[in-house]
Amino acid sequence: MQVLRPSIRRIQRGAVLVEFALVSIVFYLLLAGTVELGRLMVMNQALQDAARIAAREFALAPFPASATFEQALYDALQPVPSVNPPIFDPRALVVDMTDLPAGTDPTTVFATLPVVNQSLQLLMFRDEVTVEGQRRDVYRMPGTLLINDAFAQMPLPTNPLGLTVQVPRIIGRGPGGGEIIEWTNVLEEVRANNSFVAAGTGSFSLTPPNPGQESGMAAVRLNLPFQSVLLGSFYTDADGSSAGPMEATGVQTVTNPQDQNGRLAIDSADSAGTYGGEYGLGGLHMLGTQIRPFRRVISAQSMFRREVFQ
């Protein structure tokens, strides 16, 4: 009776496949890490440049000496703005191309926006979203897409629905695994007590409310959520009892709901896509499970002393 034995060549071929499967994981991590680190550096540099532009423009704009940063920030929303052309417009954090003539060049559209919004163009991405039953083709900042009813009452031609963006900062996880977030604005003033409650207490005004406080400073911070296209989030319990991919279970708690700058624009709870889902926290497919992408909120700030006053 003849016993058939596998050939040495066939055994070697199987060993090579196993070795490649093991080594390819390392190669993938190196490649993904290199690509995402490059994206992060580019976005961080663009964010820092935009923060510098914002601080310089607010420092050189002829606002009243007693004006607060909030009054300067939302000057474009006033019936008669103090500065023309305006410096920043929160309605221009979203550029809706849906109703514009076919073939419109996005570059020409961005050229009509305030100078700070123009500087944010490199950080915006193109997205197709369903808002109130309408499919919209938009360029927007990363973060949570919101509908601000006040903005809808005074829409821009490039934003007829009154859309805007706010940054959800993850500060923890609840018992069910859902994120605990707090709202942060894309553009805000650097303050000692950097909260919405402290609005008007910063250093922008020449007449600060607190004696001895720094005054006449345009101190600006820009916040941007960086979310990976290729890498997922990973967690380890404090006691080391369990670890694994961070599943996209949804937001559990919002610590400062009173500061939400509108209502959620995305109806579906589907979190697929790097910046998908109601809160823009995204989701990546992994073996039939939705996991969160690797995520960090990066900030850039700049300060200039005010030079021009109304």
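Judged purely by atom type and a 3.5 angstrom limit, Ser205 has no side-chain atom pairing as donor or acceptor with the backbone of Thr68. Here the side chain of Asn117 pairs a donor or acceptor atom with the backbone of Asp89 at under 3.5 angstrom. The main-chain N or O of Asp259 is found under 3.5 Å from a side-chain atom of Gln166 such that the two form a donor-acceptor pair. Looking at Tyr275, its side chain does come within 3.5 Å of a backbone N or O of Pro225 through a donor-acceptor pair. A donor-acceptor pair under 3.5 Å links the side-chain atoms of Thr255 to the main chain of Ile181, judged by distance alone. Remark: the backbone N or O of Pro293 is paired with a side-chain donor or acceptor of Ser233 at under 3.5 angstrom. Ser82 places no side-chain N or O within donor-acceptor distance of the main-chain N or O of Phe63, the cut-off being under 3.5 Å. Side chain of Gln227 to backbone of Thr274: a donor-acceptor contact under 3.5 angstrom is found. When atom types are taken as modelled, the side chain of Gln301 and the backbone of Ala51 share no donor-acceptor pair closer than 3.5 angstrom. Within the 3.5 Å criterion, the main-chain N or O of Phe69 finds no donor-acceptor partner in the side chain of Glu189.
Taking hydrophobic clusters as Ile, Leu, Val, Met, Phe, Trp and Tyr residues chained together by side-chain heavy-atom distances below 4.5 Å, Ile87 shares a cluster with Met154. Cluster annotation: Val116 and Tyr74 are assigned to the same hydrophobic cluster (Ile/Leu/Val/Met/Phe/Trp/Tyr, side-chain heavy-atom contacts under 4.5 Å, transitive). Residues Leu163 and Phe125 are members of one and the same hydrophobic cluster, defined by side-chain heavy-atom contacts under 4.5 angstrom among Ile, Leu, Val, Met, Phe, Trp and Tyr.
Under the side-chain contact (heavy atoms from CB on, under 4.5 Å) rule, Ser299 has a single partner from Gln48, Arg169, Glu188, Arg221, which is Arg221. The side chain to side chain donor-acceptor pair (under 3.5 Å) test with Asn148 singles out one residue from Asn159, Thr164, Asn261, and that residue is Asn261.
Counting only residues at least two apart or in different chains, salt bridge (charged side-chain N to carboxylate O under 4.0 Å, His left out) contacts with residues 293-307 comprise Glu214-Arg305.
Annotation: the span from Arg140 atom CZ to Asp127 atom CG amounts to 4.5 Å, rounded to 0.5 Å. Put simply, CG on Leu222 and CE on Met141 are 7.0 Å apart, with the number rounded to the nearest 0.5 Å. If you take OG1 on Thr289 and CE on Met246, they are separated by 14.5 Å, rounding to the nearest 0.5 Å. Taking CZ of Phe88 as the reference point, atom CG of Leu120 lies at 7.0 Å (rounded to 0.5 Å). From Asp99, atom CG reaches atom CG of Leu161 across 7.5 Å, with rounding to the nearest 0.5 Å.
Between Tyr279 and Trp183, the angle of the ring planes stays under 30°, which puts this pair in the parallel group of the 30/60° scheme.
For Arg173 and Glu247, the salt-bridge test fails: no basic side-chain N is under 4.0 Å from an acidic carboxylate O.
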Show your reasoning for whether side chain to side chain contact (heavy atoms under 4.5 Å, CB included) applies to Ile53 and Gln118. CA-CA 10 Å; Ile53 291 172; Gln118 290 183 41; over 6 Å; no
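You'll find the side chain of Val165 stays beyond 4.5 Å of the side chain of Leu146, heavy atoms only.
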